[in-house]
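The structure appears right after this line, and notes come after that.
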Amino acid sequence: MRKKSTMFLTGFITGILLTFLLLLVLAPRIIFTKTESKYNFAQTVDLIEQSTKDNGWSMPHQYDLQATLNKHGFAVKPVRVFSICKPELAARILGSDEDRHISAMMPCRVAVYENENGKTYIARMNAILLSKLLGNNAEAVMRDAGQESERILEPLLK
């Protein structure tokens, strides 16, 4: 009986450790989505701005990280981060005391950057996957935001 308990406990702990290691390895690949753009950096930036408007979203802010870092003496390839928002979705989160903490992930962020290979990529949080970790209203809103933001980017993706 003692041998079976030891084997069970060893197997259980091994399973937990393997699951943890698997999450450490896979998490960065599944939490963020990175896709090559069909267009160069400048075109991708322009098309995201237009597609955001066309899909009824707003863009409260843009961050030109290349320019910011250049001011501090660092040279990096072009990187632009967009904060995009759909007020109807934001109100569903911000209007609820239970869900207001989700505001830490708002507004949605989309990054456009150029790699050493000269290709342009679009990166964003996998909101659809992360929505599954939330409950009720927050899950539904994050899922909707993820689906709609993917619709904004769809025409640009390879």
Side-chain angles (χ1 to χ4, degrees), residues 19-158:
T19 301
F20 181 72
L21 288 172
L22 190 61
L23 284 173
L24 280 176
V25 170
L26 293 179
R29 292 186 202 145
I30 60 176
I31 292 176
F32 296 98
T33 303
K34 174 181 91 170
T35 314
E36 186 178 344
S37 176
K38 294 178 188 176
Y39 306 97
N40 68 31
F41 182 83
Q43 291 169 314
T44 300
V45 166
D46 291 344
L47 290 168
I48 287 176
E49 290 171 352
Q50 187 59 51
S51 187
T52 299
K53 290 177 193 170
D54 292 348
N55 282 277
W57 284 56
S58 64
M59 188 177 295
H61 199 74
Q62 282 187 45
Y63 304 89
D64 184 341
L65 300 183
Q66 181 184 40
T68 299
L69 288 174
N70 281 342
K71 289 179 193 175
H72 296 282
F74 299 98
V76 298
K77 292 265 187 204
V79 180
R80 187 81 52 99
V81 178
F82 302 96
S83 294
I84 62 173
C85 175
K86 185 162 190 184
E88 295 84 1
L89 293 175
R92 288 170 49 195
I93 291 290
L94 300 176
S96 162
D97 285 342
E98 182 179 318
D99 297 325
R100 202 165 288 121
H101 66 281
I102 304 298
S103 63
M105 296 178 8
M106 296 170 63
C108 297
R109 301 289 171 107
V110 175
V112 177
Y113 62 93
E114 189 177 282
N115 252 359
E116 293 294 327
N117 62 14
K119 295 180 180 178
T120 299
Y121 293 88
I122 301 170
R124 62 261 183 222
M125 183 175 53
N126 187 341
I128 297 168
L129 174 69
L130 290 175
S131 74
K132 295 176 187 321
L133 302 174
L134 307 171
N136 304 321
N137 179 55
E139 179 179 1
V141 174
M142 288 298 292
R143 183 190 59 241
D144 292 349
Q147 290 170 341
E148 289 192 35
S149 61
E150 285 300 310
R151 226 174 282 131
I152 290 169
L153 301 174
E154 193 175 284
L156 292 88
L157 306 177
K158 270 195 174 182

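Computation of the quantities below employed the complete heavy-atom set of this structure, encompassing side-chain atoms and omitting hydrogens, waters and symmetry-equivalent molecules.
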inquiry  = Does any part of the side chain of Q43, heavy atoms only, come nearer than 4.5 Å to the side chain of T120, both counted from C-beta?
reply    = no
request  = Using the test side-chain hydrogen bond (donor to acceptor under 3.5 Å, both in side chains), find all partners of S149 that sit at least two apart in sequence or belong to another chain.
outcome  = none
remark   = The reported gap from NZ in K158 to NZ in K119 (rounded to nearest 0.5 angstrom) is 5.5 Å
query = Nearest heavy-atom pair of A75 and N70: which atoms, and what distance?
reply = CA-OD1, 3.7 Å
inquiry  = Check this for me, if you would: do D144 and R92 make a salt bridge, where the nitrogen-to-carboxylate-oxygen distance has to be below 4.0 angstrom?
reply    = yes
ask   = Got a second to check how far S58's OG is from K86's NZ, nearest 0.5 Å?
value = 10.5 Å
query = Roughly how far apart are T44 OG1 and L156 CG, rounded to 0.5 Å?
reply = 5.5 Å
key: Heavy-atom closest contact (R100 atom, G95 atom, distance)   = NH2-C, 3.8 Å
note = So CE of M106 and CG of L89: to nearest 0.5 Å the spacing works out to 8.5 Å
key: Criterion side-chain contact (heavy atoms from CB on, under 4.5 Å) on N137 and E98, from CA distance to verdict   = CA-CA 9 Å; N137 179 55; E98 182 179 318; over 6 Å; no
message = Quick check on K53: does its NZ atom have over 12 non-hydrogen neighbours (other residues, nucleotides or ligands) under 6.0 Å away?
response = no
Pairwise distance CG(L94) to OG(S103) - rounded to 0.5 angstrom = 6.0 Å
ask   = Any side-chain heavy atom of L153 sitting closer than 4.5 Å to one from S51?
value = no
inquiry  = I want to check something: taking the side chain as every heavy atom from C-beta on, are F41 and V112 in contact at a cut-off of under 4.5 Å?
reply    = yes
message = When you compare the side chain of W57 with that of C108, does any pair of heavy atoms fall below 4.5 Å?
response = yes
query = Quick one: does Y39's side chain get under 4.5 Å of L47's, heavy atoms only?
reply = yes
inquiry  = What I'd like to find out is whether the side chain of V45 reaches to under 4.5 Å of the side chain of F82, using heavy atoms alone.
reply    = yes
Atom pairs and distances, side-chain donor-acceptor, residues 59-67, under 3.5 Å, sequence neighbours left out:
residue, atom, partner, partner atom, Å
Q62, OE1, R80, NH1, 3.0
Q62, NE2, E49, OE2, 2.6
D64, OD1, Q66, N, 3.3
D64, OD1, A67, N, 3.1
Q66, NE2, V76, O, 2.9

Side chains of residues 122-134: which donor-acceptor pairs under 3.5 Å do they make with residues two or more places apart or in other chains?
residue, atom, partner, partner atom, Å
R124, NE, E150, OE2, 2.7
R124, NH1, T35, OG1, 3.1
R124, NH1, I122, O, 3.0
R124, NH2, T35, OG1, 3.2
R124, NH2, E150, OE1, 3.1
N126, OD1, L129, N, 3.0
N126, ND2, I30, O, 3.2
S131, OG, I128, O, 2.6

query = From K77 NZ over to Y121 OH, what is the distance, rounded to the nearest 0.5 angstrom?
reply = 12.0 Å
message = When you measure from the side chain of N115 to the backbone of N117, do you find a donor-acceptor pair of N or O atoms at a distance under 3.5 Å?
response = no
ask   = Just by distance, with hydrogens left out, do D54 and Q50 show a side-chain donor and acceptor under 3.5 Å apart?
value = yes
ask   = Closest approach of A138 and I93, non-hydrogen atoms and distance?
value = CA-CD1, 3.8 Å
